[in-house]
Amino acid sequence: MSGRKPFHRNGATPEFNIALIGALGVGKSALTVKYITRRFIMEYDPDLEGTYTKHEDLDGQDIIVHIMDTCDKEDCDPSRYLKWADAFLIVYSITNRQTYDVAKEYMESISIYLKGQGRECPLALVGNKIDLERYRQVNKSEGASLATEYDSVFYETTATEEYELVEKVFHRLIQEAHHDKYGHIMQPVYIADDRQAHWGPQQQAQSQMTLQRRPKSPKGATDKKDEKIQQKKTLNKFFKIFN
């Protein structure tokens, strides 16, 4: 946003707060764990809410990502994540139309809140569980249409398969949040979303130029090992995993 200084001027590592929001059972926790650890875990305690941190090298830049895996109940105050988040990831299950309707309500309420506060935050609408295509209740076109209505990016994904399916969603939000928070564009990985399927040649070329990939700076094996140990401790503290 305007008035904020780019992180590199004072040497600080950029930090981003991402809130995952959606109905119970849509896979918010599974997506969170997949992004942090690259692992898929099937079952979680649905009543637990937690905030988790990942240190990452994104195209040669060190960043810190804080992720709030929300658990909204009737007596919960949504301001805990509305005021906190730099970006919102609204999740529904493609196998459950009711969760899509809940996602609509979240998109509307978040949009109203941000307008009232004079804020701009990137939104991503995610249709989860595409590994269960045979049980689909929500068409892909419906998700894309809802995302367009709220100027949001749109993805369909699953936490059960390739890590990159989940990673690209978070990376896209981080790129957009960086622009909003620090006032300039971070050198990103080239990440395509479903809207680009309808772009013309000129738009595709401009996107490729803007999102040109930079070589990643190497990380030591020791740093990665220490990071994984810390992530495991954090997850074990907050998640109740059923074996």
Side-chain angles (χ1 to χ4, degrees), residues 1-7 13-22 26 28 31-32 34-36 51-54 56 58-59 61 63-70 72 78-92 102-128 143-157 164-199 203 206-207 210-212:
M1 288 186 177
S2 60
R4 296 185 180 181
K5 294 182 178 180
F7 72 93
T13 301
E15 300 189 33
F16 305 96
N17 299 334
I18 299 177
L20 271 73
I21 304 164
V26 297
K28 299 186 300 295
L31 292 171
T32 300
K34 187 74 170 188
Y35 174 61
I36 293 175
T51 302
Y52 314 95
T53 299
K54 179 173 184 176
E56 186 169 8
L58 183 57
D59 290 295
Q61 297 188 24
I63 62 171
I64 300 172
V65 186
H66 306 288
I67 304 169
M68 183 185 291
D69 176 19
T70 66
D72 258 347
S79 65
R80 71 190 185 284
Y81 57 78
L82 290 173
K83 294 179 179 179
W84 175 85
D86 298 312
F88 298 91
L89 200 161
I90 299 94
V91 187
Y92 68 90
V102 172
K104 279 185 181 180
E105 295 175 2
Y106 276 122
M107 296 283 279
E108 176 67 13
S109 61
I110 292 171
S111 178
I112 291 173
Y113 172 81
L114 292 175
K115 288 179 181 178
Q117 297 294 311
R119 292 176 57 196
E120 291 185 4
C121 290
L123 305 178
L125 179 65
V126 174
N128 195 29
S145 177
L146 179 61
T148 299
E149 182 179 348
Y150 290 96
D151 195 25
S152 163
V153 296
F154 172 68
Y155 292 96
E156 286 194 340
T157 190
E164 288 73 19
L165 288 174
V166 174
E167 181 187 49
K168 70 179 182 179
V169 179
F170 284 92
H171 281 186
R172 177 59 183 270
L173 273 180
I174 292 167
Q175 301 295 349
E176 295 202 6
H178 188 282
H179 181 269
D180 288 344
K181 192 171 184 179
Y182 296 105
H184 66 287
I185 297 175
M186 189 177 180
Q187 282 290 89
V189 178
Y190 176 69
I191 303 170
D193 67 47
D194 290 334
R195 294 182 301 186
Q196 291 173 312
H198 306 289
W199 285 3
Q203 288 174 300
Q206 289 174 344
S207 176
T210 302
L211 299 177
Q212 187 176 4

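A donor atom on one side chain and an acceptor atom on the other are found under 3.5 Å apart for His66 and Thr53.
Rounding to the nearest 0.5 Å places CD of Glu164 at 9.0 Å from NZ of Lys34. For the atom pair OG1 (Thr32) and CD1 (Ile67), the distance works out to 5.5 Å, reported to the nearest 0.5 Å. Interatomic distance, CD of Glu156 versus CG of Leu125, reported as 9.5 Å (0.5 Å rounding). With rounding to the nearest 0.5 Å, the separation of CZ in Phe88 from CD1 in Ile21 is 5.5 Å. One distance of note links CD1 of Ile174 with CD of Glu15; it measures 12.0 Å at 0.5 Å rounding.
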Got a list of side-chain donor-acceptor pairs under 3.5 Å for residues 106-114, not counting sequence neighbours?
{"from": "Tyr106", "atom 1": "OH", "to": "Asp72", "atom 2": "OD2", "distance (Å)": "2.8"}
{"from": "Glu108", "atom 1": "OE1", "to": "Tyr150", "atom 2": "OH", "distance (Å)": "2.4"}
{"from": "Ser109", "atom 1": "OG", "to": "Glu105", "atom 2": "O", "distance (Å)": "3.1"}
{"from": "Ser109", "atom 1": "OG", "to": "Tyr106", "atom 2": "O", "distance (Å)": "3.1"}

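The two residues Ala147 and Phe154 come nearest to each other via the heavy atoms CB-CB, 3.5 Å. Counting all heavy atoms, side chain and backbone alike, Ile63 lies closest to Thr13 at CA-CG2, 3.8 Å. What you find for Leu165 and Thr157 is that their closest heavy atoms are O-OG1, 3.2 Å. Contact detail for Leu173 and Leu123: the closest heavy-atom pair is CD2-C, 4.0 Å. Between Ala85 and Cys121, the shortest heavy-atom contact is O-SG, 3.9 Å.
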Report the C-alpha distance between Val126 and Ile90 in whole Å, list the side-chain angles of each, state the deciding distance to 0.1 Å, and finish with yes or no for side-chain contact (heavy atoms from CB on, under 4.5 Å).
CA-CA 6 Å; Val126 174; Ile90 299 94; over 6 Å; no
Show your working on side-chain contact (heavy atoms from CB on, under 4.5 Å) between Lys104 and Glu149 and close with a plain yes or no.
CA-CA 10 Å; Lys104 279 185 181 180; Glu149 182 179 348; over 6 Å; no
Using the rule given for side-chain contact (heavy atoms from CB on, under 4.5 Å), can you reason through Arg172 versus Tyr155, listing the C-alpha separation, both sets of side-chain angles and the distance that settles it, and then say yes or no?
CA-CA 10 Å; Arg172 177 59 183 270; Tyr155 292 96; 3.5 Å; yes
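Lys54 places none of its side-chain heavy atoms less than 4.5 Å from the side chain of Phe170. When side chains are defined from C-beta on, Lys115 does not count as touching Glu120, because their heavy atoms never get closer than 4.5 Å.
Taking the six-membered ring where tryptophan is involved, the planes of Tyr35 and His171 are perpendicular, since the angle between them exceeds 60° and thus also 30°. The aromatic rings of His178 and Phe16 are tilted relative to each other, their planes meeting at an angle between 30° and 60°.
Note on Asp69 versus Lys28: no salt bridge recorded, every NZ/NE/NH1/NH2 to OD/OE distance being 4.0 Å or above.
Side-chain atoms of Asn17 never come within 3.5 Å of backbone atoms of Asp86 as a donor-acceptor pair (strictly under, hydrogens ignored). When atom types are taken as modelled, the side chain of Asn128 and the backbone of Tyr92 share no donor-acceptor pair closer than 3.5 angstrom. Side-chain atoms of Thr70 come within 3.5 Å of backbone N or O of Leu20 as a donor-acceptor pair.
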